[in-house]
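Accompanying notes for the structure given below.
So that the names make sense, note that chain A is the first sequence line, chain B the second, and so on, each numbered from 1. The shown structure was predicted, so the numbers you read here are calculated from the model rather than taken from an experiment.
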2 protein chains.
Amino acid sequence: MDISIDEFTRKIRSRGYKLTPQRRVILEILIKNKDNPLTPEGVYKQVKISCSEVGLTTVYRTLELLRKIGVVNHVHFHDGCDRYEINDGKPHHYLICLNCGKVERTNLCFIDKMQKILEKDTAFKITEHCLSFFGYCRFCQLRK
Amino acid sequence: MDISIDEFTRKIRSRGYKLTPQRRVILEILIKNKDNPLTPEGVYKQVKISCSEVGLTTVYRTLELLRKIGVVNHVHFHDGCDRYEINDGKPHHYLICLNCGKVERTNLCFIDKMQKILEKDTAFKITEHCLSFFGYCRFCQLRK
DNA sequence: ATTTTAACTGAAAATTATTTTCAATTATTT
DNA sequence: AAATAATTGAAAATAATTTTCAGTTAAAAT
Ligand SMILES: [Mn+2]
Ligand SMILES: [Mn+2]
Ligand SMILES: [Zn+2]
Ligand SMILES: [Zn+2]
């Protein structure tokens with residue numbers, strides 16, 4: 001369910017944006033890391049490795065653009081920076097250990113149902129949500 | 001279901017912390033604003049109004065302390081800063097309009113059920129969660 | 001193909017949120 | 001009242017993000 005480059009091109013162009021090499025590289029990095037949400041800095045570092053002259057500013061700008069067109073989701077680990085992950089259509093949420101920082105991902109989700117009810121109830125048109133759980137992982141429950 | 005000053009005092013002292021005037025004032029502000037999560041800056045401004053010599057640094061430190069002892073929750077509106085609200089024991093989540101920024105609150109929540117299942121499923125001990133919905137409010141759905 | 005043009009870029013500067021440092025102060029215990 | 005460890009606020013430091021701006025480029029028009 002990953003976005004294809006063609007689909008990406010279409011989405012970008014149809015809104016008057018240009019498909020630049022920088023945008024393509026950043027998208028590729030996000031796809032490659034579909035299992036862990038990256039910070040802008042994290043994206044930047046990986047972009048640099050796979051070569052390329054891409055500025056950090058452009059990373060920030062591109063991530064926000066991708067979010068706007070629905071290609072990435074924006075998530076929070078409460079660690080002081082934003083994170084982005086490719087939007088694969090499936091809901092998934094995170095379990096973040098307050099002790100060791102370990103992050104687990106889960107696909108269990110009742111949110112869709114909740115969202116439908118909320119929309120009916122409040123007339124709000126929901127396009128994104130952000131859900132994270134904080135607590136203590138298996139390991140940290142024992143020590144400390 | 002608001003926390004009482006006695007309960008607060010007990011919670012603080014039992015962990016070796018001191019009950020200072022600053023901490024008391026900050027707690028009062030949070031109780032007074034139980035319906036909208038405040039940023040540290042927001043707390044600071046209100047503290048200043050109700051008089052008091054309290055430094056912004058102390059506000060940051062106190063909010064984090066209150067979170068640690070379970071007196072406040074930490075929420076995110078994706079607007080670049082952390083927010084805190086008094087923990088009244090009830091779950092409530094937010095609907096944040098991506099267009100006008102309006103924030104609505106809802107009590108509808110399936111999270112408790114989800115949390116139980118997750119805990120069983122993952123052996124993670126969950127102590128907090130953060131859920132927000134983003135989209136477009138009634139008004140913004142029409143214009144734009 | 002060449003021109004045109006608005007979108008895009010990166011470096012540097014600016015801004016904003018948050019954390020750290022440290023010397024002085026204060027709440028609680030003795 | 002003294003002892004002591006916790007707490008405080010101002011200032012400095014750090015970290016994340018945004019803005020500015022002059023130069024570049026993708027895509028549309030010729
Ligand atoms: Mn946070
Ligand atoms: Mn965010
Ligand atoms: Zn852990
Ligand atoms: Zn709105």
Nearest whole angstrom, please: distance from the C1' of D/dT19 to the CD of A/E64.
-> 15 Å
Rounded to whole angstrom units, what separation is found between the NE2 atom of A/H74 and the P atom of D/dT17?
-> 8 Å
Parallel, tilted or perpendicular: which describes the rings of B/Y84 and B/H74, with under 30° parallel and over 60° perpendicular?
-> parallel
Are there any protein N/O atoms within less than 3.5 Å of an N/O atom in nucleotides 22-26 of chain C, and if so, which ones and at what distance?
| residue | atom | partner | partner atom | Å |
| --- | --- | --- | --- | --- |
| C/dT26 | O2 | B/K18 | NZ | 3.3 |

Judged by nearest nucleotide, the residue sitting upstream toward the 5' end of DNA chain C, A/G16 or A/E53, is A/G16
NZ/NE/NH1/NH2 to OD/OE distance under 4.0 Å, B/K34 and B/D88 | no
Given that B/T9 and B/L56 both sit by DNA chain C, which one's nearest nucleotide is further toward the 5' end?
-> B/L56
May I ask you to check whether A/Y60 and A/E41 show a side-chain donor-acceptor distance below 3.5 Å?
-> no
A/T20 side-chain proximity, nearest of C/dC8, D/dT18, C/dT18 = C/dC8
Any side-chain N or O of A/Y60 less than 4.0 Å from the OP1 or OP2 oxygen of D/dT17?
-> yes
Quick one: B/L63 CG to C/dT19 C1', roughly how many Å, whole number?
-> 14 Å
Taking the side chain of A/T57 as heavy atoms from C-beta outward, which of D/dT19, C/dC8, D/dA27 is closest to it?
-> D/dT19
When you check the gap from the basic side-chain N to the acidic O, do A/R61 and A/E64 get nearer than 4.0 Å?
-> no
Report the residues that fulfil salt bridge (charged side-chain N to carboxylate O under 4.0 Å, His left out) with B/E53, sequence neighbours left out, ordered by chain and then residue number.
-> none
Quick one: is C/dT9 close enough that its OP1 or OP2 comes under 4.0 Å of any side-chain N or O from A/R23?
-> yes
For residues 24-46 of chain A, which residues have at least one heavy atom under 4.0 Å from DNA chain D?
-> A/P40
Are the charged groups of B/R23 and B/E28 less than 4.0 angstrom apart, N to O?
-> no
Check whether any side-chain N or O of B/R83 sits under 3.5 Å from a backbone N or O of B/P37 as a donor-acceptor pair, and report yes or no.
-> yes
Expressed in angstrom and rounded to an integer, what is the separation of B/R67 atom CZ from C/dT18 atom C1'?
-> 15 Å
Which base sits across from C/dT30 as a Watson-Crick or G-U pair, both distances under 3.5 Å?
-> D/dA1
Does B/N33 reach the main-chain N or O of B/I29 with its side chain, forming a donor-acceptor pair under 3.5 Å?
-> yes
Between B/E119 and B/K116, does a salt bridge (charged side-chain N to carboxylate O under 4.0 Å, His left out) hold up when you go through it step by step?
-> CA-CA 5 Å; B/E119 286 191 325; B/K116 294 229 170 62; over 6 Å; no
Grab the two heavy atoms, one from A/Y44 and one from A/G55, that are nearest each other, plus how far apart they are.
-> CE1-C, 3.7 Å
Nucleotide C/dA27, atom C1' - distance to OH of B/Y17 in whole Å | 16 Å
Separation of atom CZ in A/R83 from atom P in D/dA15, rounded to whole Å | 16 Å
Rounded to whole angstrom units, what separation is found between the NZ atom of A/K68 and the P atom of C/dC8?
-> 10 Å
Which whole-number value in Å describes the distance from A/D79 CG to C/dT19 P?
-> 11 Å
